[in-house]
Number of protein chains: 2
Amino acid sequence: MIRGDGGRTIRAILDRICNKWTLLTVATLDAGALRFTELHQQIPGISQRMLTLTLRHLEHDGLVSRTAYAQVPPRVEYALTPTGKSLIPPALALAGWAIEHVPHIEANRALHQTPPE
Amino acid sequence: MIRGDGGRTIRAILDRICNKWTLLTVATLDAGALRFTELHQQIPGISQRMLTLTLRHLEHDGLVSRTAYAQVPPRVEYALTPTGKSLIPPALALAGWAIEHVPHIEANRALHQTPPE
DNA sequence: CGGGATCCAGCGCGATACTG
DNA sequence: CAGTATCGCGCTGGATCCCG
């Protein structure tokens, strides 16, 4: 199924959600709508640029909705759309796998002692 | 769960398996052990270099085993380890999601008509 | 507060050529 | 057959400045 189309499909997701921040942003929004600054604070390492880009891509792909309130202090809220929420379970599956196996992987890595240089 | 650790876990998998070829290579090996050239042919767009690098990383992480036969025509076979195989179901879940939603996503993209410039 | 624009570093990745 | 070595480009992503 994964490579039935020569990898086009899997590549398509990877290109969309497997970049550095997308999945993390979606996961963060899973808890509920958040404002720009809140997101920026809840995703530790992200830069404001990448948050903006990520949100715009997600919005563009219909995974996240953007609601701007025309108030004096600008207030913009981001939330997951149904499609966005549907990403959570598979993402969780992957995360579950990671939690289970990453330690084993890192143990393996350590064994080989990849000389950093 | 995903971001319970600030994203470290999810980032860890992304860094390992979400690069351009890893998941695809694992998926290809799911069918059984393959030789270098066979892999190279079964993964359409991949270059020798990336196949080598990907396999070495996978081997390093304990997801793929490498068996070299010291024969006159060198013969090397790659196969998934149990850990590698365990990646298949979550990967399939993600692929399933993609197959279901990517069309919708692309429809959304088309709507917005991202001006290429 | 919520971003857009710009500059710059790193490296992911492909093409090519060479080796055992 | 199964790689390794080198080069170079393009994209990702961080830092910074600026604007409504």
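Just so we're on the same page: letters track the sequence lines, and every chain starts at 1. Since this is a predicted model, take the numbers as computed values, not measurements.
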- 4.5 Å side-chain heavy-atom contact, Leu94(A) and Ile17(B): yes
- Query: For dG2(C), does either OP1 or OP2 sit under 4.0 Å from a side-chain N or O belonging to Arg35(A)?
  - Reply: yes
- Note on the structure: chain B reaches DNA chain D, atoms under 4.0 Å from its heavy atoms, from dC1(D) to dT6(D)
- Task: For side-chain contact (heavy atoms from CB on, under 4.5 Å), just list the numbers for Leu39(A) and Leu29(A), CA-CA rounded to whole Å, side-chain angles, deciding distance to a tenth of an Å, and then say yes or no.
- Result: CA-CA 8 Å; Leu39(A) 271 169; Leu29(A) 282 174; 4.0 Å; yes
- Report the C-alpha separation of Leu63(A) and Thr83(A) in whole Å, then their side-chain angles, then the decisive distance to 0.1 Å, and conclude whether the side-chain contact (heavy atoms from CB on, under 4.5 Å) test is met. CA-CA 5 Å; Leu63(A) 300 182; Thr83(A) 304; 3.3 Å; yes
- Query: Going hydrophobic residue to hydrophobic residue with side-chain gaps under 4.5 angstrom, can you get from Val26(A) over to Val102(B)?
  - Reply: no
- Would you call Asp30(A)-Lys85(A) a salt bridge at under 4.0 Å N-O? no
- Query: How would nucleotides 4-20 of chain C be written as a contact map, 5' to 3', with B for base contact, S for sugar-phosphate-only contact and - for no contact, using protein heavy atoms under 4.0 Å?
  - Reply: B-B------BBB-B--B
- Message: Using a heavy-atom cut-off of 4.0 Å across all strands, would you classify Tyr78(B) as base, sugar-phosphate, or nothing?
- Response: sugar-phosphate
- Message: Donor-acceptor check, side chain of His60(B) to backbone of Asn108(A), threshold 3.5 angstrom: yes or no?
- Response: no
- Task: State which residues pass ring-ring contact (aromatic ring centres under 6.0 Å, His included) with His57(A); sequence neighbours excluded, sorted by chain then number.
- Result: none
- Between dG3(C) (C1') and Leu39(A) (CG): distance, integer Å: 13 Å
